[in-house]
Protein chains: 2
Amino acid sequence: MALREPIIIPHLQDCGSCTIRHRAVCARCDSDELLRLEQMKYYRSFEAGQTVIWSGDRMDFVASVVSGIATLTQTMEDGRRQMVGLLLPSDFVGRPGRSTAAYDVTATTDLLMCCFRKKPFEDLILSTPHISQRLLEMTLDELDAAREWMLLLGRKTAREKIASLLAIIARRDVSLNPRKSGPIVFDLPLTREEMADYLGLTLETVSRQVSALKRDGVILLEGKRHVTVNDFDRLLEVAGDDSDGGYPV
Amino acid sequence: MALREPIIIPHLQDCGSCTIRHRAVCARCDSDELLRLEQMKYYRSFEAGQTVIWSGDRMDFVASVVSGIATLTQTMEDGRRQMVGLLLPSDFVGRPGRSTAAYDVTATTDLLMCCFRKKPFEDLILSTPHISQRLLEMTLDELDAAREWMLLLGRKTAREKIASLLAIIARRDVSLNPRKSGPIVFDLPLTREEMADYLGLTLETVSRQVSALKRDGVILLEGKRHVTVNDFDRLLEVAGDDSDGGYPV
DNA sequence: TATCCTGTTTGATCTGCATCAAGGCCGGGC
DNA sequence: GCCCGGCCTTGATGCAGATCAAACAGGATA
C-alpha cells in the first residue's frame, strides 16, 4: 500500500474531535504531556472508498478519527465480508502492543485521521497512566457495542437489524448535533452494500427492508439516503430493543 | 439476588489461575501492591446452572474466574437469547466505572471466582498503572475475540459455526493441557442449547450439525459430550478459518 | 425393576432470507 | 443532448435453518 508521506505538525494545534488530545489528555494531564503528544501528532487524509490499511499489513501508528467515517471489516477466503467496527469521529484505531493490522480499515467517506507513531505513543502510555486508563474506558465501550452487535447478528430478523442500525445512526446524529425535540433527520453514511456487511445480510434484503420500513411509515425516505425519523420510540420498538437508553456505540 | 456472604481472605494465598494476581500483579508490581490486592480478595463459588448476576443488577465487585466456566448472555423481551461472552479460567468480569451488570452471568459448570470489591479495586487501578495496562491488554483481546465471533454470527453457515466452536474449545484445551501431538480429546463444557445460544442457532440445528461432523469423520464422538479431534487442520478448514493461528479467545 | 426428568436425536414441514436476474434512477463525461 | 457506470429496487425461485412434533438415552429416584 503506497501512502502519502505523513505531515508532521510540530506545534500545538486544535484537531477537532481528536480523542487523544481532548479526552485522554486535555482534561487530566499537565501541559508537558500535552506538548509531547502534540509533537508526535500528524494527519492523514483519505478519499471516500480508499483503504487505510489491509488486514495483515504492518501498522506502525495509532490514530483517532477527526472527521468522516471508516469501517473495520473481516473477509473470508471466498469473499464473504463482515463489518466488525464502525469508526466515527473521535473513535480510536490501532492497538498498542501489536504490529500488524487485524482488520481491513476503509474510508467510506472522505476521512481525516490524527495519527501518532506507535512506538513513542506506547512509551507515552507507559509513563502517563491517564492515557491508558482512558483507552481502557474507550475499549470497554467498544466491547459493549460489539456485544450488542452480536445480539443483533445472532438473533434479530432482517427488519429488526435495519431498524437497529437506523436507531444507532440516529442516536449518534442526535448526540453530535443536539436538537430540542422533533423529528431526527440525517443522511445515511453507508451504501446498501455496506449496511449489508454491517448487518450480516445481502444488499437486496437491505433494500427490501428499508422499503418496507418506509412503506410502514416507520421512517420517511427522500431519495436513497435522506432519512427522517418522526417517532424514535416506534423505531426502537421495531428494532426489538428494550426502550432504555441502550447502545453505547 | 441473595448471595452468600463473601469470604475475606486477609493474607497472601495462591488462587490458581486468578488473573489479577498472576498476570496483572505478580509479574510487574512490588510486594506492597500484591499485599494490598491480597487483602481485598475474597472467593465466591457457584454450582452449575446458578446465576452469578442478572443484567441490570447492582454489581459492586469485579472478579476473575479461578475454575469452571461461566457465560455472559443477553436476552430480548420475547426470550431470544444470545451468548456474548464465554468466561474460562483466568478471564476477567466486571467493569471499573460501571455500577450495574450489563449481561446475565451464569455458571455453566461449578464455578469458583476470585472477587474484589469494586471501589477499592478502582482506587488501586488509579494508583497502580500496571494494572490498568494489563486490563487494557485483556480487554483488547476480548474485543478481538468478539469481532471474530461477529464474523461467525454474521457470515458463517451452521456447519462452519459448529466447527469453529469446536476449534475454539479444542485450542483452549490444548493451551491449558499441552500435549506433544496426536489427537485432541476433550469434553464439551456446553449443552446443545448453550452451544446454540453461542452460535445464533437452534438446539436442533446444533444437534444435526454435530451429528453430521461425526458422520463425515471430522470429529469422533463418544456419548453426547466426549469429542476427539484427530485432524485439527481439517476442522479449521471446515470452520472456514484461514489456517493461521487465529482466534485470540 | 419401573418411572421420571433432562438433554438429545431425528423426522416433517414451513419460511425468511439468499440467490439469480432484470430494470430503474441519477450524476458525470463527452 | 446522449451514453455510461454506480447504486438501488423489484421480481421469481430455491434452500438453509427454524419450527413443530415425537421418540430416545441415561442418570437419579424410588
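So that the names make sense, note that chain A is the first sequence line, chain B the second, and so on, each numbered from 1. Side-chain atoms are counted along with the backbone in the values below, which use heavy atoms only and exclude waters and symmetry mates.
- Within a 6.0 Å radius of CZ in R81(A), other residues, nucleotides and ligands contribute 12 heavy atoms or fewer.
- For the pair R192(A) and dT9(D), the criterion of a side-chain N or O lying under 4.0 Å from OP1 or OP2 is met.
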Please list, one pair per line, the donor and acceptor atoms closer than 3.5 Å that link side chains of residues 199-216 of chain A to other protein atoms, with sequence neighbours excluded.
residue : atom : partner : partner atom : Å
T202(A) : OG1  : T205(A) : N            : 3.4
T202(A) : OG1  : T205(A) : OG1          : 3.1
S211(A) : OG   : S207(A) : O            : 3.0
D216(A) : OD2  : R159(A) : NH1          : 2.9
D216(A) : OD2  : R159(A) : NH2          : 3.0

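- Rounded to an integer number of Å, the gap from L213(B) CG to dT9(C) P is 12 Å.
- Residue contacts shown for L203(B) include a base, since a base heavy atom lies under 4.0 Å away.
- Rounded to an integer number of Å, the gap from CG of L201(B) to P of dG17(D) is 7 Å.
- Among the protein residues, G49(A) comes within range of no part of the nucleic acid, since none of its heavy atoms lies under 4.0 Å from any strand.
- Rounded to an integer number of Å, the gap from Q209(B) CD to dA16(D) P is 10 Å.
- When the side-chain nitrogen and oxygen atoms of R225(B) are compared with OP1 and OP2 of dT8(C), one or more of them lie within a distance under 4.0 Å.
- Rounded to whole angstrom, the span from the CD1 atom of I162(B) across to the P atom of dT8(C) amounts to 12 Å.
- Per the geometry, CG belonging to L188(B) stands 13 Å off C1' belonging to dG7(C), to the nearest Å.
- Where V210(A) and R155(A) each meet DNA chain D at their nearest nucleotide, the meeting point lying more 5' is that of V210(A).
- Between T157(A) and dG16(C), a side-chain N or O to OP1/OP2 separation shorter than 4.0 Å is absent.
- Remark: T191(A) is not in phosphate contact with dG6(D), judged by side-chain N or O atoms under 4.0 Å from OP1 or OP2.
- The phosphate of dT8(C) (OP1 or OP2) has no side-chain N or O of S207(B) nearer than 4.0 angstrom.
- Taking 3.5 Å as the limit, the base of dC8(D) and the side chain of E193(A) contain no donor-acceptor pair of atoms between them.
- For T205(B) and dG17(D), the shortest distance from a side-chain N or O to OP1 or OP2 is not below 4.0 Å.
- Side-chain atoms of R208(A) and base atoms of dG11(D) include a donor and an acceptor less than 3.5 Å apart.
- Put simply, the side chain of F46(B) does not reach to within 4.5 Å of the side chain of D110(B), judged on heavy atoms.
- Using a distance-only test at 3.5 Å, with no hydrogens or angles considered, a donor-acceptor pair links the side chain of D91(A) to the main chain of L88(A).
- Regarding Q82(B), its CD atom lies at a distance of 12 Å from the P atom of dA18(D), rounded to whole Å.
- Among T71(B), I168(B), L153(B), the one residue that satisfies the side chain to side chain contact (heavy atoms under 4.5 Å, CB included) test with Y198(B) is I168(B).
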